[in-house]
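Treat the numbers as computed from the prediction; the structure is a model and nothing was measured.
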Amino acid sequence: MKDLIHRAAGDLVRSKNAVALTGAGISVESGIPPFRGKGGLWERFDPMEYAHIDAFMKNPAKVWDVLIKEMKEVIDNARPNDAHKGLARLENLGILKTIITQNVYGMNQMAGNTDVIEFHGNFAWQRCMECNNRCETTKIDIGQIPPRCECGGIYRPECIFFGEMIPPQYLRVSEMAASACDIMLVIGTSATVQPAASIPLIAKQAGAKVIEINFERTPLSIESSDYIIMGKAGEILKTLTTEIERLFNIGSSPD
C-alpha cells in the first residue's frame with residue numbers, strides 16, 4: 001500500500017484538475033451508517049415505507065419519528081474524519097477542484113471543502129414545505145413531530161427522497177467536472193448506483209486517471225480504475241496528504 005500511496009501522491013502533485021467522487025464508505029469512520037449493504041439503514045427500515053416521497057407526503061409524522069429523527073441524531077453528533085479533512089487539505093493545496101458526493105450529511109463542507117456537488121441533496125438543512133424557510137438540521141426542535149416552521153408548515157430535509165428526481169443541474173455540472181479533470185479520485189463508493197456510477201467512466205473516457213480508494217474491490221476496480229488503494233479512507237487520505245505535503249516542501253517533482 002505504501003508504494004501505491006507514493007504513486008498517488010506523485011500523480012496528484014502533477015495534477016492540474018483533480019475531482020473526487022465519494023460515497024457512504026468515506027463517512028463510516030465518522031459514525032455515519034451507510035444506507036445500503038451490511039449494517040446499512042435499509043436493513044432496518046423499508047425505504048419504500050420510510051424514505052419514499054409518497055410515504056412522507058402521506059404521513060410525515062411517521063417518517064420523521066422513525067427515520068428522519070434518527071438521521072438528525074447522527075448529524076448532531078457526527079464530525080468530519082481524516083478522509084474529509086484530507087480532501088479539504090487537497091483543495092487548500094490547489095489540487096482538488098470539485099467533490100461530487102452521494103452523501104447527504106454535509107461533512108465535506110464542515111471539513112472545509114467549498115465546491116461540493118451533492119447528488120442526493122443535503123440533510124444538513126431542512127426546508128419548510130409552505131414558505132421555503134430554511135433551518136439547519138442541528139437547530140430543528142423535535143419536541144414536536146413533525147417539526148414545524150413558524151408559519152405552521154412542516155419541515156422536510158433538503159435531501160432527495162425515493163421517487164424524486166436528482167436535479168438535472170447537479171448531473172450536468174458533475175459530468176462537466178468529470179470530463180474536464182485529469183485525475184478522478186473515487187472514494188468509498190461501490191460505483192454501482194446510477195447516475196453516480198457513470199461519473200468515473202466519463203472521466204476515464206476523457207483521458208483522466210482514475211484512482212480508487214476503497215475497503216474492497218468494486219466493478220470499477222476491474223473496468224476503469226488505473227489502480228486501487230485498499231483500506232480505510234481516513235487512514236489512506238491522512239497518509240496521502242502527508243506525502244503530498246512532503247513532495248511540495250522539498251520543491252522538486254516526484255519520480
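In the hydrophobic clustering of this structure, L67 groups with I75; members are Ile, Leu, Val, Met, Phe, Trp, Tyr whose side-chain heavy atoms approach within less than 4.5 Å, directly or through other members. Note on M176 and I199: separate hydrophobic clusters, where clusters join Ile, Leu, Val, Met, Phe, Trp and Tyr whose side-chain heavy atoms are under 4.5 Å apart, directly or indirectly. Linking Ile, Leu, Val, Met, Phe, Trp and Tyr whenever their side-chain heavy atoms come within less than 4.5 Å puts F119 and V19 in one cluster. Linking Ile, Leu, Val, Met, Phe, Trp and Tyr whenever their side-chain heavy atoms come within less than 4.5 Å leaves I228 and L4 in two separate clusters. In this structure, I183 is a member of the same hydrophobic cluster as Y227, with clusters built from ILVMFWY side-chain heavy atoms closer than 4.5 Å.
N103 contributes a side-chain N or O that, together with a main-chain N or O of G23, makes up a donor-acceptor pair within less than 3.5 Å. A donor-acceptor pair is defined here as one N or O able to donate and one able to accept, closer than 3.5 Å; such a pair exists between the side chain of N113 and the backbone of L87. N214 places a side-chain N or O within donor-acceptor distance of the main-chain N or O of T189, the cut-off being under 3.5 Å. Using a distance-only test at 3.5 Å, with no hydrogens or angles considered, no donor-acceptor pair links the side chain of T101 to the main chain of E118. A donor-acceptor pair under 3.5 Å is formed between the side chain of T241 and the backbone N or O of L237. Using modelled atom types, no side-chain atom of W64 and backbone atom of I142 make a donor-acceptor pair closer than 3.5 Å. Between the side chain of S225 and the backbone N or O of L220 there is at least one donor-acceptor pair closer than 3.5 Å. Between the side chain of N17 and the backbone N or O of D182, no donor-acceptor pair lies under 3.5 Å. Proximity of a side-chain donor or acceptor of S224 to a complementary backbone N or O of L201 within less than 3.5 Å is not detected. At least one donor-acceptor pair closer than 3.5 Å links the side chain of H120 to the backbone N or O of Q102.
Using a 4.5 Å heavy-atom threshold, the side chains of I202 and S179 count as touching. Side-chain contact between F123 and I68 is present, with heavy atoms from C-beta onward closer than 4.5 Å. Between L93 and E245 there is a side-chain heavy-atom pair separated by less than 4.5 Å. Annotation: side chain of I244 is not in contact with side chain of R89 (no heavy-atom distance under 4.5 Å). Contact of the R246 side chain with the H6 side chain is registered, since non-hydrogen atoms from C-beta on lie closer than 4.5 Å.
M110 and P80 get closest at one heavy-atom pair: SD-CD, 3.4 Å. Here the closest heavy-atom approach between residue A208 and residue C181 is recorded as CB-O, 3.4 Å. Smallest separation of non-hydrogen atoms from C128 and C149: SG-CB, 3.6 Å. Scanning both residues, F161 and R156, for their nearest heavy atoms gives CD1-NH2, 3.3 Å. Nearest heavy atoms, H84 versus I26: CE1-O, 3.7 Å. The two atoms that bring A178 and M184 nearest to each other are CB-CE, 3.9 Å, heavy atoms only.
Within a 6.0 Å sphere centred on CD of Q144, other residues, nucleotides and ligands contribute more than 12 heavy atoms. Surrounding CE of M57 are at most 12 heavy atoms belonging to other residues, nucleotides or ligands under 6.0 Å away. The 12-atom threshold is not exceeded at CZ of F215, counting heavy atoms of other residues, nucleotides or ligands nearer than 6.0 Å. Residue M48 qualifies as enclosed at atom CE: its count of foreign heavy atoms under 6.0 Å is above 12. More than 12 heavy atoms of other residues, nucleotides or ligands sit less than 6.0 Å from atom NZ of K72.
M71 contributes atom CE, which lies 9.5 Å from atom CD1 of I32 (distance to the nearest 0.5 angstrom). The structure places CZ of R134 at 5.0 Å from CH2 of W125, a figure rounded to the nearest 0.5 Å. Put simply, OG on S27 and CD1 on I187 are 10.5 Å apart, with the number rounded to the nearest 0.5 Å. One finds the CG atom of N59 at 9.5 Å from the OH atom of Y50 (value rounded to the nearest 0.5 Å). Put simply, CG on D54 and CD on E164 are 9.5 Å apart, with the number rounded to the nearest 0.5 Å. The distance from the CG atom of L240 to the CG atom of L12 is 5.5 Å, given to the nearest 0.5 Å.
The pair E29-K238 does not meet the salt-bridge criterion, since no charged nitrogen lies less than 4.0 angstrom from a carboxylate oxygen.
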Residues N133, Y155; criterion side chain to side chain contact (heavy atoms under 4.5 Å, CB included); working and verdict: CA-CA 9 Å; N133 178 55; Y155 277 116; 3.0 Å; yes
Worked verdict on R7 versus I211 for side chain to side chain contact (heavy atoms under 4.5 Å, CB included): CA-CA 10 Å; R7 178 181 175 184; I211 303 172; over 6 Å; no
Determine all donor-acceptor pairs shorter than 3.5 Å in which one atom belongs to a side chain in residues 166-175; sequence neighbours excluded.
from : atom 1 : to   : atom 2 : distance (Å)
S174 : OG     : Y170 : O      : 2.7

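Checked against side chain to side chain donor-acceptor pair (under 3.5 Å), E49 has the following partners two or more places apart in sequence or in another chain: K62.
L185 pairs in a side-chain contact (heavy atoms from CB on, under 4.5 Å) with only one of the listed residues (L21, T22, V210, L90), which is L90.
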